[in-house]
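Comments concern the structure below.
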Amino acid sequence: MAHDFPSDAWAQAYREALNTSAAYKEAGKTWTHGCIAFVISADAAIGLDKEQGFVLDLHEGVCRKTWMVDLEEAQKQPFCITASYAQWKQVMHKKLDPIKGMMQGKLKLKGNLTVIVRFVKAAQELVSATAQVDTRFLDEG
Amino acid sequence: MSSPSVILDENAKENGLAMMLADLINQNLEQNPAKHKVFRRINSVVAITAADAEVSLTMYFNRGSCLIFDGKVGNIKLDITTDSETLLGLTTVPLRAGLPDPLSQAGRTMLKDIASGKIKIRGLVGHPLTLVLFSNLLSVN
């Protein structure tokens with residue numbers, strides 16, 4: 001069943017996808033640095049009248065929990081990545097590499113970079129797992 | 001927290017790579033006081049290009065301060081070009097005497113990348129000390 005992105009149902013399906021990814025489990029096995037929030041910028045044209053985000057509680061290759069948050073709550077997390085809906089969609093379709101996107105300023109990361117640079121592979125596997133979620137995009141009717 | 005030692009020129013504030021390197025170096029300096037000594041020794045101009053992301057910047061180091069400009073500007077002493085993922089790899093590779101450690105797998109890969117031209121470094125012969133200090137400053141190890 002397809003889930004709207006973003007939504008709590010999508011976030012829960014994503015958590016399940018992450019927890020069945022052997023590649024993520026391996027790449028993230030030494031991650032003990034806390035939660036990562038993903039924020040989608042407001043876009044009235046597709047019905048997002050304010051920023052929406054979700055938090056992944058990641059620990060040693062496992063996503064323990066995920067939940068929807070507003071911008072303020074997202075920014076309280078140790079790591080927060082923000083991008084427009086179109087750019088998240090490109091990332092999920094693997095048309096935009098997240099590292100390249102950050103260097104181009106399309107994805108903005110708040111958090112300790114000295115930690116994140118050690119987990120490039122895990123970040124890539126986080127993105128790969130989104131492909132396992134049956135997703136309905138808001139701009140596709 | 002002290003004010004950042006690495007700052008962005010106005011035109012570099014939308015350059016994702018510039019934001020990342022500024023954050024990385026500032027966080028490194030904050031977390032590792034020994035890096036201050038290295039930072040104060042660099043008096044040079046270093047350009048970095050992430051070729052696949054089509055992003056470049058120039059860092060003006062002046063013994064304890066650094067100003068980052070968008071694009072390649074001025075009298076560049078050391079000019080490093082590679083892809084975005086390899087560029088991030090430069091921050092995590094184990095160093096020996098300030099250069100990639102040939103005794104480690106990651107260090108050997110990095111040295112191979114330099115020899116093969118995957119990582120292009122112009123100015124290495126004329127400014128080896130700048131490369132050693134810059135590598136040390138970027139390193140999160």
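These values consider heavy atoms only, across backbone and side chains, with no hydrogens, waters or symmetry-generated copies. Computed from a predicted model, the values in this text were never measured in an experiment. Labels below follow one simple rule: chain letters A, B, ... track the order of the sequence lines, proteins then strands, and each chain is numbered from 1.
- Within the model, atoms OG of B/Ser84 and CE of A/Met102 stand 11.0 Å from one another, a figure rounded to the nearest 0.5 Å.
- Crowding of A/Lys108 atom NZ: a count of heavy atoms from other residues, nucleotides or ligands under 6.0 Å exceeding 12.
- Neither the backbone nor the side chain of B/Leu138 comes within contact range of chain A, judged by heavy atoms closer than 4.5 Å.
- Looking at A/Val120, only its side chain comes within 4.5 Å of chain B, counting heavy atoms on both sides.
- Counting non-hydrogen atoms of other residues, nucleotides and ligands closer than 6.0 Å to CZ of B/Arg96 gives a total of 12 or fewer.
- In this structure, CZ in A/Phe119 is found 11.0 Å from OG1 in B/Thr92, a value given to the nearest 0.5 Å.
- Crowding of B/Arg122 atom CZ: a count of heavy atoms from other residues, nucleotides or ligands under 6.0 Å not exceeding 12.
- In this structure a side-chain-to-backbone donor-acceptor pair under 3.5 Å is missing from B/Glu85 to A/Ile99.
- Rounded to the nearest 0.5 angstrom, A/Ile116 CD1 and B/Thr91 OG1 are separated by 11.5 Å.
- Options A/Lys100, A/Met103, A/Arg118, A/Lys106 differ in how many heavy-atom pairs under 4.5 Å they form with chain B, and the most are formed by A/Met103.
- Following chains of ILVMFWY side-chain contacts shorter than 4.5 Å, one can reach B/Leu137 starting from B/Leu131, so the two form part of one hydrophobic cluster.
- For residues 62-91 of chain B, the pairs satisfying ring pair (Phe, Tyr, Trp, His ring centres under 6.0 Å) are B/Tyr60-B/Phe69, with sequence neighbours left out.
- Put simply, A/Leu56 and A/Tyr24 are part of the same group of oily side chains (I, L, V, M, F, W, Y) that touch within less than 4.5 Å, one to the next.
- Cluster annotation: B/Leu21 and B/Ile7 are assigned to distinct hydrophobic clusters (Ile/Leu/Val/Met/Phe/Trp/Tyr, side-chain heavy-atom contacts under 4.5 Å, transitive).
- Rounded to the nearest 0.5 Å, atoms CG (B/Asp52) and CG (A/Asp97) are 7.5 Å apart.
- Chain A forms the most heavy-atom pairs under 4.5 Å with one residue out of B/Met19, B/Glu14, B/Gln31, and that residue is B/Gln31.
- Distance CD1/B/Ile25 to CG/A/Leu113: 11.0 Å, rounded to 0.5 Å.
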